[in-house]
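Notes to accompany the following structure.
Just so it is clear: chains get the letters A, B, ... in the order the sequence lines come, proteins before strands, and each one is counted from 1.
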Number of protein chains: 2
Amino acid sequence: MHKRGIGWPRRPAPAGEAGGEEPDITEDRLIPEATVARLPLYYRALLEIADQSTTVSSEQLAELAGVTAAKVRKDLSFLGSYGTRGVGYDVEHLVREVSRELGLTHDWPVAILGVGNLGRALANYRGFSARGFRVVALVDTDPATVGTRVGDLAVEPVEALPALVADRRVAIGVIATPAESAQAVADRLVAAGVRAILNFAPTVVVVPPGVSLRKVDLATELQILSFYQQHDRRTRDAARV
Amino acid sequence: MHKRGIGWPRRPAPAGEAGGEEPDITEDRLIPEATVARLPLYYRALLEIADQSTTVSSEQLAELAGVTAAKVRKDLSFLGSYGTRGVGYDVEHLVREVSRELGLTHDWPVAILGVGNLGRALANYRGFSARGFRVVALVDTDPATVGTRVGDLAVEPVEALPALVADRRVAIGVIATPAESAQAVADRLVAAGVRAILNFAPTVVVVPPGVSLRKVDLATELQILSFYQQHDRRTRDAARV
DNA sequence: CGGTGTGAAGCCTTTCACAGCA
DNA sequence: TGCTGTGAAAGGCTTCACACCG
């Protein structure tokens, strides 16, 4: 078992927004991006089911995660063959494998850049800590905001970023600044050694190869909904990748 | 020109999360979902460029939107052939066409459900109003929150939802409740006649066919970044669809 | 039996490359 | 000449369907 599929992609070759090429380095069995994007859904579903059952079928997991059973099986087959035919998957084992794969056994300290409405909300958002992401630094450029407290963190000036990143081992930067400042902040993050960025600012941010970037654009989401309203079509599964 | 491509999909058949089938109704030239998801990017880019130039090439637009020029041309060819060979696209004209296609010439009043940290931040978020989405109602179940004001809106009890939706013509519901309440709130929205929902709660929400649903899960985004950190791969373009 | 694991098929999306037009 | 518009090719993802095994 676990033969590494033909008829299933081998090398998604993910390209950073900066879009440079680079030689293939990493391990053999590469998990497709679409699958990676669904692992958090499975993880969430598995935690929900954990105190109700010790095993789970692809069918059940699919329902809880809001996807199809075939997808679940294909996706999970990538982590290895952890299911038992005729029975299903062992929930506990699967939780372990998925969280290992997602890197949730590590600690990834988060810094939030830009402490306006959104930044403050993110800093207080329980969903982050609930899923193991600790916010360890808040940064802003506005002198009036610097020094104020949000929860038990003080807002620091952006000049302190390199020290903060180093001292607190910041692994992920969350950009919650206005669009105009986003690129500059991203550059500072990268310069400070941060290699993963989540951008909430409604603008394109470019990062060098080797830095991961994802974006969330709230107004864009509404505009997409608006399109489908206007056209009497439904949005799809919203799988988001 | 404008021959409606072979070698380019005809019927994306978008399925709601509820996943029911339904007969094809709508218009002829169907815009692929991937294209729809990029229209907001082009729209943003076009507004940026509008006061610098009257025309724009696919190359320039691609750079500003963070995509490839081939994509821009393919995507725009769907709205009709609005470019001029050897010159590019007329910015003003394109803005008009894209915003018409996105339904931005209409008004889509927004209700926010759940006025916690996130809900409050969304209510104050300038990015919504800046792009023409007016927040017209705030709803919460907590008696302590109901009656308080956020900006110039009072928080209303969830029982008032049907009246609010009717009176204020709410077209889009934004769910910012805890996971436990999300499905119930979605059901109420649907019952009240809302046919577009943006879900921020970290849980699967099911809606009947005919209702559009998109989701934004903040912790999921961090987990995806975590995966790529752990695996020394980069996230891709983060195109998000 | 029941449910996983997976080739194969089909579909959608991206990319290529160039004909054709202003 | 320069850039759009678009067939065609390539790539990736989803779905199907069933062999296989506990």
Practice task
Examine C/dG3: is either OP1 or OP2 under 4.0 Å from a nitrogen or oxygen in the side chain of A/Ser58? Give yes or no.
Solution key: no

Using atom types as modelled, flag every donor-acceptor pair under 3.5 Å from a side chain in residues 193-210 of chain A to any protein atom, sequence neighbours excluded.
unit_1	atom_1	unit_2	atom_2	d
A/Arg195	NH1	A/Gly210	O	3.1
A/Arg195	NH2	B/Asp232	OD1	3.4
A/Asn199	OD1	A/Ala201	N	2.9
A/Asn199	ND2	A/Ala201	O	3.2
A/Asn199	ND2	A/Thr203	O	3.2

Practice task
Find the runs of at least 3 consecutive base pairs, i with j, i+1 with j-1 and so on, that include DNA chain C, using Watson-Crick or G-U wobble geometry with both distances under 3.5 Å.
Solution key: C:1-22 with D:1-22

Handout entry: Short side-chain N/O contact from A/Ser57 to OP1 or OP2 of C/dG3, under 4.0 Å
Key = no

Exercise for the section: Over 60° means perpendicular and under 30° means parallel, so classify the ring planes of A/Phe128 and A/Tyr125, tilted if in between. Expected result: perpendicular

Problem - Listed partners of B/Leu104 passing side-chain contact (heavy atoms from CB on, under 4.5 Å), at least two apart - result: A/Gln223, A/Ser226, B/Tyr43, B/Ser99, B/Leu102, B/Phe133

Practice task
Please list, by residue number, the residues of residues 44-53 of chain B whose heavy atoms come closer than 4.0 Å to an atom of DNA chain C; answer none if no residue qualifies.
Solution key: none

Problem - Distance, rounded to the nearest Å, where A/Tyr42 contributes OH and C/dT4 contributes P - result: 12 Å

Exercise for the section: May I ask you to check whether over 12 heavy atoms, not counting those of B/Glu48, lie within 6.0 Å of atom CD? Expected result: yes

Practice task
Using the test side-chain contact (heavy atoms from CB on, under 4.5 Å), find all partners of B/Glu92 that sit at least two apart in sequence or belong to another chain.
Solution key: B/Asp90, B/Arg96

Exercise for the section: Please state how far atom CG in B/Leu61 lies from atom P in D/dC3, giving the value in whole angstrom units. Expected result: 14 Å

Handout entry: Per B/Lys71 side chain, nearest of listed nucleotides C/dT15, C/dG5, D/dT4
Key = C/dT15

Problem - Those residues that, when tested against A/Leu46, pass side-chain contact (heavy atoms from CB on, under 4.5 Å) (two or more places apart) - result: A/Val56, A/Leu61, A/Val91, A/Leu94, A/Val95, A/Val98

Problem - Distance, rounded to the nearest Å, where A/Leu30 contributes CG and D/dC13 contributes P - result: 11 Å

Problem - Phosphate contact (D/dC13 OP1 or OP2) by A/Thr35 side-chain N/O below 4.0 Å - result: no

Practice task
Compare every heavy atom of A/Ala182 with every heavy atom of A/Ile175, then report the nearest pair and how far apart it is.
Solution key: CD1-O, 3.8 Å

Under 3.5 Å between N/O atoms: give me all the protein pairs with nucleotides 17-21 of chain D, atom names plus distance.
unit_1	atom_1	unit_2	atom_2	d
D/dA17	N6	A/Arg73	NH2	3.3
D/dC20	O2	A/Arg85	NH1	3.0

Handout entry: Contacts of type salt bridge (charged side-chain N to carboxylate O under 4.0 Å, His left out), residue B/Arg134, not counting sequence neighbours
Key = B/Asp107

Exercise for the section: Taking only the side-chain heavy atoms of A/Lys74 (C-beta and beyond), determine which of C/dG5, D/dT15, C/dT4 contains the nearest atom. Expected result: D/dT15

Practice task
Take atom CG of A/Asp75 and atom P of C/dG5, then tell me their distance rounded to the nearest Å.
Solution key: 12 Å

Handout entry: Listed partners of B/Thr68 passing side-chain hydrogen bond (donor to acceptor under 3.5 Å, both in side chains), at least two apart
Key = none

Completion exercise
Contacts satisfying ring pair (Phe, Tyr, Trp, His ring centres under 6.0 Å) that involve residues 207-227 of chain B (not counting sequence neighbours) are B/Phe227-B/His231

Practice task
Just jot down the side-chain hydrogen bond (donor to acceptor under 3.5 Å, both in side chains) partners of B/Arg131, sequence neighbours excluded, or say none.
Solution key: none

Fill in the blank from the handout: Between OH of B/Tyr89 and C1' of D/dG5 the distance, given in whole Å, is 7 Å

Exercise for the section: Measure from CG on A/Asp90 to C1' on C/dG3 and round the result to the nearest Å. Expected result: 15 Å

Practice task
Let me know the distance between CD of A/Glu33 and C1' of D/dG12, rounded to the nearest Å.
Solution key: 10 Å

Fill in the blank from the handout: Walking DNA chain C from its 5' end, the first of B/Thr84 and A/Val56 to be reached, judged by nearest nucleotide, is A/Val56

Practice task
Applying side-chain hydrogen bond (donor to acceptor under 3.5 Å, both in side chains), name anything that partners B/Ser57, two or more places apart in sequence or on another chain.
Solution key: B/Gln60

Completion exercise
Rounded to whole Å, the CD-P distance (B/Glu59 to D/dG2) equals 13 Å

